[in-house]
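For reference, the structure is listed below as structure tokens.
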Amino acid sequence: MNICKTISEFRQYRHSAAGKVIFVPTMGALHEGHGSLVRMARRLAGPDGIVAASIFVNPTQFGPHEDFHKYPRHIEQDLANLTAWDADVVFCPSAEEIYPPGHVTSIDPGELGTVLEGAIRPGHFRGVCTVVAKLLGIVEPAAMILGQKDFQQQLILKHMVRDLNMPVEIITAPTLREPDGLAMSSRNRYLTPDQRARAGSIYQALSWATHQYKSGERDAAALEAGMSERITQSGLEAQYALACHAETLEVYHQTVGNPCVFLIAAKLGTTRLIDNVVHS
Ligand code: AMP
């Protein structure tokens with residue numbers, strides 16, 4: 001696997017290699033959830049295409065009191081995993097390479113960036129859009145694979161590439177889970193054994209809502225209260241547990257319509273976890 005730390009190294013590699021590029025952007029601390037995206041990229045690229053990943057803990061998407069400095073960094077293990085998952089190249093730049101002195105431009109994701117995660121993490125999606133736009137300009141992939149786990153993120157990035165006429169297809173890959181249903185996440189490693197044992201309640205709440213929805217329940221308040229109850233009973237702090245329109249993210253206030261996404265954000269101590277399930 002080729003390792004490129006600078007933009008010029010990556011561009012050199014990119015322009016000497018033939019075949020379409022399938023791209024998986026990450027912040028590292030890789031787990032099997034990332035692995036499922038890289039393996040999907042391999043299948044889509046075929047033997048002649050190029051599977052490119054990036055590892056970059058993007059400072060501009062973290063708020064001043066968030067976990068940027070303590071975000072897990074395990075570059076050697078990450079490189080071994082990417083090799084095992086059959087990636088061809090990884091772009092792992094420094095912060096200065098991506099944001100050199102004098103960098104001033106950023107991308108405003110509009111209204112969608114101000115709700116849910118954007119309301120709790122002001123500026124987060126501006127940082128996400130800006131870094132992904134830069135990565136797309138460097139990597140020039142035919143397709144980029146994103147995880148459904150970050151539902152709002154993949155939706156906002158789909159709008160960004162459409163609105164800015166970026167020639168890339170975005171593919172959303174399903175969420176990989178632990179045996180108890182907890183969505184795999186780099187942040188799961190912050191959990192103490194006791195917190196980890198309780199974290200499965202997020203998926204239990206989503207599964208309960210799914211079951212209710214499939215049985216015909218459409219009362220938004222009942223579904224939201226039921227989800228919140230299940231999380232708080234396990235000792236988590238529910239930040240939101242909502243039924244939203246799966247394309248606009250508008251909250252269903254009375255009757256849950258179609259398409260629908262149940263979205264949960266919850267805190268266990270200082271660790272924030274998010275998850276969702278979609279029904280269409
Ligand atoms: P991150 O490193 O957390 O920024 O995630 C990089 C990409 O992996 C994003 O597109 C995530 O949505 C995706 N991802 C993270 N966790 C999972 C998971 N459990 N299953 C599938 N994709 C995931």
Side-chain angles (χ1 to χ4, degrees), residues 22-44 51-63 66-68 70-75 77-79 81-82 85 87 90-93 95 98 109 116-117 121 124-136 139 141 143-161 168-191 196 199-200 202-203 206-207 261 263-266 271-278:
I22 313 290
F23 177 44
V24 180
T26 83
M27 297 206 300
L30 301 179
H31 49 69
E32 279 300 320
H34 298 110
S36 68
L37 271 51
V38 176
R39 290 193 178 100
M40 180 186 276
R42 181 80 273 160
R43 285 196 298 279
L44 292 172
V51 174
S54 63
I55 296 176
F56 182 60
V57 186
N58 174 35
T60 65
Q61 70 188 68
F62 288 79
E66 293 185 354
D67 56 346
F68 173 68
K70 78 162 197 181
Y71 197 83
R73 289 161 172 87
H74 302 277
I75 189 72
Q77 185 57 49
D78 288 348
L79 297 178
N81 278 329
L82 287 171
W85 297 330
V90 59
F91 178 50
C92 41
I98 296 297
L116 300 164
E117 288 302 286
R121 308 181 68 188
H124 171 66
F125 289 114
R126 177 183 291 275
V128 169
C129 285
T130 303
V131 78
V132 172
K134 287 169 72 73
L135 290 169
L136 289 174
V139 176
M144 170 168 70
I145 304 182
L146 301 172
Q148 186 195 310
K149 186 182 94 68
D150 297 285
F151 187 82
Q152 187 174 6
Q153 170 171 279
Q154 56 86 42
L155 196 65
I156 286 173
L157 291 174
K158 279 180 180 161
H159 281 263
M160 179 185 82
V161 305
V168 59
E169 180 190 358
I170 296 190
I171 298 161
T172 304
T175 302
L176 219 74
R177 301 180 177 283
E178 301 287 357
D180 68 346
L182 176 64
M184 289 184 184
S185 164
S186 305
R187 291 191 167 97
N188 291 353
R189 57 185 92 195
Y190 296 151
L191 300 173
R196 174 63 193 84
I202 297 175
Y203 187 61
L206 290 168
S207 302
V261 55
L263 293 151
I264 290 181
T271 305
R272 272 191 95 238
L273 301 175
I274 57 171
D275 200 355
N276 67 85
V277 292
V278 180

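Ligands are counted one by one from 1 in listed order, and the atoms in each one are counted from 1 as well.
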Taking every non-hydrogen atom, the tightest pair across Val128 and Asn58: N-ND2, 4.2 Å

Can you tell which of Arg189, Arg121, Arg73, Arg187 makes a salt bridge (Lys or Arg N to Asp or Glu O under 4.0 Å) with Asp67? Arg187

Short question: side chain of Asp150, backbone of Ile274 - any donor-acceptor pair under 3.5 Å? no

After noting the C-alpha distance and the side-chain angles of Arg177 and Asp275, does the key distance pass the side-chain contact (heavy atoms from CB on, under 4.5 Å) rule? CA-CA 10 Å; Arg177 301 180 177 283; Asp275 200 355; 2.7 Å; yes

Check ligand 1 against the protein and report each N/O to N/O distance under 3.5 Å, formatted as atom name, atom name, distance.
unit_1, atom_1, unit_2, atom_2, d
ligand 1, 2 (O), Met27, N, 2.9
ligand 1, 2 (O), His34, NE2, 2.9
ligand 1, 5 (O), His34, NE2, 3.4
ligand 1, 10 (O), Gly147, N, 2.9
ligand 1, 12 (O), Gly147, N, 3.2
ligand 1, 12 (O), Gly147, O, 3.3
ligand 1, 12 (O), Asp150, OD2, 2.6
ligand 1, 16 (N), Met184, O, 3.3
ligand 1, 19 (N), Leu176, O, 2.9
ligand 1, 19 (N), Met184, N, 3.4
ligand 1, 19 (N), Met184, O, 2.8
ligand 1, 20 (N), Leu176, N, 2.8

Do you know which two heavy atoms are closest between Ala266 and Ile202, and how far apart they sit? CB-CD1, 4.2 Å

Ignoring hydrogens and angles, tell me if any N or O in the side chain of Thr175 forms a donor-acceptor pair with the backbone of Ala183 under 3.5 Å. no

